[in-house]
Amino acid sequence: MISSSVNALGIIFPNSYDSMVTPLVTKRVMASIPFASRYRMIDFLLSSMVNSGIGNVSVLVRKNYHSLMDHLGNGREWDLSRKNGGLNIVPPFAEKTVKVYNGRVEALTSILHFLKAQKEEYVVMADSNIAVNFDFEKMIQEHIESKADLSIAYIERDLPSVWPAETSVEANSCYYTLRIGEDNRVTEMHINPRDIGMQNISLNIYVMSREKLIQQIEDAAVRGVIFFERDVIMPNLNKLNVHGFKFEGYVSLINSLKAYFDENMALLKPENAQALFAGNPFYTKIRDDNPTRYTNDSNVHNVMAADGCVIEGTVENCVLFRGVHIAKGAVVKNCILMQDTYVGENAKIQYMITDKNVTITQNQEMNGTSSFPVYIEKRQTV
């Protein structure tokens with residue numbers, strides 16, 4: 001059992017950035033999107049919190065959360081099935097004060113009574129559109145040492161020349177860049193910048209004292225504002241000591257369907273997989289299944305395959321989730337095939353993303369491109 005050694009509670013927002021990957025979230029939230037062969041997006045931050053000693057985690061769901069609840073269950077796989085603390089999934093209308101929220105301020109306002117009843121000194125908040133092996137304990141310690149009011153985790157990375165078109169403040173799908181001054185203090189925060197080149201990109205991971213957070217949310221609620229970054233942090237950068245915590249590790253950042261494809265494919269490079277999965281383990285829902293079976297006729301090169309797969313054909317540069325079946329004579333290249341996808345005999349596909357339980361019938365030939373992978377919805381037969 002993992003001990004709760006950090007004096008902090010965790011809050012995860014699973015619906016943030018849903019609008020940036022619209023095809024993948026028609027029946028699920030961003031947090032439950034399958035990633036890296038056998039995981040869901042929430043597994044990475046939830047596991048990181050548990051590995052850092054955070055044993056009290058709340059997930060504030062907004063909509064389409066059935067898949068997420070089925071995945072998380074009672075939190076047993078993450079050692080969060082506990083009498084005190086543990087995993088707390090908060091759906092809309094769970095209580096009189098909880099409602100369907102639009103921004104982080106509204107979400108936190110609806111659980112103010114819960115926050116006031118907790119005993120932890122600090123609160124860690126995160127979205128679930130990133131796959132990362134994050135050391136929350138280190139960030140909390142740096143937050144304490146800096147005597148900051150708020151700490152924000154960020155990475156230094158090149159911005160793409162064009163952000164996804166669907167990014168908007170109204171959709172609660174903003175990306176933020178930071179200007180860092182002396183002593184790692186955040187001096188500026190920009191929304192959806194159009195700059196190019198190396199920038200400090202916020203990971204939307206925050207650390208704040210519980211009492212300070214309650215005070216800020218109560219003040220924001222009185223003013224009727226919605227967004228934590230735009231309405232609470234940015235207007236108060238001169239008043240609050242906002243500290244930047246630079247994360248040096250590997251990060252998969254999902255901001256579009258193309259980014260989802262690229263970040264999965266990037267893990268086929270051993271150095272990237274090692275960077276993400278080395279160190280503390282990630283936990284996920286267990287599915288008891290047989291090991292992947294490769295027949296004598298199969299031809300496999302550079303593939304990440306979960307358990308339960310049957311490969312009889314040719315597979316190159318692919319990410320295969322649990323239970324995928326590639327029939328004899330089929331050729332699959334540069335694809336992401338989610339759970340229980342079936343590719344029929346002599347079918348030929350490349351640059352495809354198939355959702356769960358998709359069937360590609362025999363002799364079909366389907367091609368996307370590296371810049372525009374083709375997505376097939378859940379339970380479709382093609």
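For the numbers below, each heavy atom of this structure counts, side chains included, while hydrogens, waters and symmetry mates do not.
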Checklist entry - Distance under 6.0 Å and angle within 45° of the ring axis: does Arg104 meet both against Phe13? => result yes
Next on the checklist: Which heavy atom of Val232 sits nearest to which heavy atom of Ala220, and what is that distance?
Outcome noted: CG2-CB, 3.8 Å
Checklist entry - Can you check whether Val300's main-chain N or O pairs, donor with acceptor, with Tyr294's side chain at less than 3.5 Å? => result no
Next on the checklist: Under a 3.5 Å cutoff, is there a donor and acceptor pairing between the side chains of Asp149 and Asn241?
Outcome noted: no
Checklist entry - Distance from Leu337 atom CG to Ile376 atom CD1, nearest 0.5 Å? => result 9.0 Å
Checklist entry - With a 3.5 Å cut-off and no angle check, do the side chains of Tyr176 and Gln199 form a donor-acceptor pair? => result no
Next on the checklist: Using the rule side chain to side chain contact (heavy atoms under 4.5 Å, CB included), only one of Thr314, Val343, Thr341 pairs with Val332; which is it?
Outcome noted: Val343
Checklist entry - Just by distance, do the side chain of Arg62 and the backbone of Tyr101 share a donor-acceptor pair under 3.5 Å? => result yes
Checklist entry - OG of Ser128 to CD1 of Ile130: how many Å apart, nearest 0.5 Å? => result 9.0 Å
Next on the checklist: Determine whether a donor-acceptor pair (N or O, by modelled atom type, separation under 3.5 Å) exists between the side chain of Ser202 and the backbone of Asn204.
Outcome noted: yes
Next on the checklist: Could you check whether any side-chain N or O of Asn236 sits under 3.5 Å from a backbone N or O of Lys239, counting only pairs where one atom can act as donor and the other as acceptor?
Outcome noted: no
Checklist entry - Going by distance alone, is a donor N or O of one side chain under 3.5 Å from an acceptor N or O of the other, for Ser151 and His143? => result yes
Item to check | Same apolar cluster (I L V M F W Y, side chains within < 4.5 Å links), Val374/Ile353 | outcome: no
Checklist entry - Does Ile336 belong to the same Ile/Leu/Val/Met/Phe/Trp/Tyr cluster as Tyr342, with side-chain heavy atoms less than 4.5 Å apart forming each link? => result no
Checklist entry - Does the side chain of Asn88 reach to within under 4.5 Å of the side chain of Val57, using non-hydrogen atoms? => result no
Checklist entry - With no hydrogens and no angle check, is any side-chain donor or acceptor of Arg179 less than 3.5 Å from a backbone partner on Glu188? => result no
Checklist outcome for this item: From the list Arg28, Gln339, Arg322, side chain to side chain contact (heavy atoms under 4.5 Å, CB included) partner of Pro34 resolves to Arg28
Item to check | Gln215 and Glu211 side chains, donor-acceptor separation under 3.5 Å | outcome: no
Checklist entry - When the aromatic ring centroids of Phe245 and Phe136 are compared, is their separation below 6.0 Å? => result no
Checklist entry - Are Ile326 and Val319 in one and the same hydrophobic cluster, where Ile, Leu, Val, Met, Phe, Trp and Tyr link if side-chain heavy atoms are under 4.5 Å apart? => result no
Checklist entry - Would you call Glu121 and Lys212 a salt bridge, taking side-chain N to carboxylate O under 4.0 Å as the test? => result no
Item to check | Euclidean distance, Ser48 OG relative to Glu137 CD, rounded to 0.5 Å | outcome: 12.5 Å
Checklist entry - How close do Leu45 and Ala126 get, heavy atom to heavy atom, and via which atoms? => result CD1-CB, 3.8 Å
Checklist entry - Between CG of Asn255 and CG of Asn129, what distance do you get to the nearest 0.5 Å? => result 8.0 Å
Next on the checklist: Using only atom types and a distance under 3.5 Å, with no angle test, would you say the side chain of Asn56 pairs donor to acceptor with the backbone of Leu9?
Outcome noted: no
Checklist entry - Does the side chain of Asn363 come under 3.5 Å of the side chain of Glu345 through a donor N or O and an acceptor N or O? => result no
Checklist entry - Tyr250 and Asn133: side-chain donor and acceptor closer than 3.5 Å? => result no
Next on the checklist: Assess the residue pair Arg287 and Asp289 against the criterion (salt bridge (charged side-chain N to carboxylate O under 4.0 Å, His left out)); give the C-alpha distance rounded to whole Å, side-chain angles, the decisive distance to 0.1 Å, and a yes or no.
Outcome noted: CA-CA 6 Å; Arg287 168 172 155 167; Asp289 215 329; 3.2 Å; yes
Item to check | Gln118 backbone acceptor or donor facing Arg210 side chain under 3.5 Å | outcome: yes
Checklist entry - Among side-chain atoms of Asn346 and Gln362, is any donor-acceptor pair under 3.5 angstrom? => result no
Next on the checklist: Between Arg223 and Asp231, does any NZ, NE, NH1 or NH2 come within less than 4.0 Å of an OD or OE carboxylate oxygen?
Outcome noted: no
Next on the checklist: With a 4.5 Å cut-off on side-chain heavy atoms, are Leu24 and Tyr375 touching?
Outcome noted: yes
Next on the checklist: Less than 4.0 angstrom from a charged side-chain N to a carboxylate O is my criterion; do Lys356 and Asp340 meet it?
Outcome noted: no
Checklist entry - Same cluster or not: are Tyr17 and Ile205 linked, directly or through other Ile, Leu, Val, Met, Phe, Trp or Tyr residues, by side-chain heavy atoms under 4.5 angstrom apart? => result yes
Item to check | Side chain Arg40, main chain Met30, donor-acceptor under 3.5 Å | outcome: no
Checklist entry - Does Lys246 come within less than 4.0 Å of Glu156, counting only side-chain N to carboxylate O? => result yes
Next on the checklist: Is the ring pair Phe35/Phe44 parallel, tilted or perpendicular, if the boundaries are 30 and 60 degrees?
Outcome noted: perpendicular
Next on the checklist: Can a donor-acceptor pair be found, under 3.5 Å and without considering hydrogens, that links the side chain of Glu106 to the backbone of Asn102?
Outcome noted: yes
Checklist entry - So which heavy atom on Glu377 is nearest to which on Val358, and how close? => result O-CG2, 3.1 Å
Item to check | Parallel, tilted or perpendicular: rings of Tyr351 and Phe261 (30°, 60°) | outcome: tilted
Checklist entry - Could you go step by step and tell me if Ile217 and Phe228 meet the side chain to side chain contact (heavy atoms under 4.5 Å, CB included) rule? => result CA-CA 8 Å; Ile217 296 304; Phe228 185 70; 4.2 Å; yes
Checklist outcome for this item: For Thr284 and Trp78, the nearest pair of non-hydrogen atoms, with its separation, is CA-CZ2, 3.8 Å
Next on the checklist: Is it the case that the side chains of Asn184 and Tyr154 hold a donor-acceptor pair, with the cut-off being a distance below 3.5 Å and no angle test?
Outcome noted: no
Next on the checklist: Can you confirm whether the side chains of Asp43 and His71 place a donor and an acceptor under 3.5 Å from each other?
Outcome noted: yes
Checklist entry - Within the distance-only criterion (no hydrogens, no angle test), does the side chain of Asn64 pair as donor or acceptor with the backbone N or O of Val25 below 3.5 angstrom? => result yes
Checklist entry - Will you find, in the side chains of Asp79 and Tyr283, an N or O donor that is under 3.5 Å from an N or O acceptor? => result no
Checklist entry - Would Leu253 end up clustered with Val132 when hydrophobic side chains under 4.5 Å apart are linked, directly or stepwise? => result yes
Next on the checklist: Using 0.5 Å steps for rounding, measure from the CG atom of Asp288 to the CG atom of Asp307.
Outcome noted: 9.0 Å
Checklist entry - Just checking, any donor-acceptor pair under 3.5 angstrom between side chains of Thr295 and Asp297? => result no
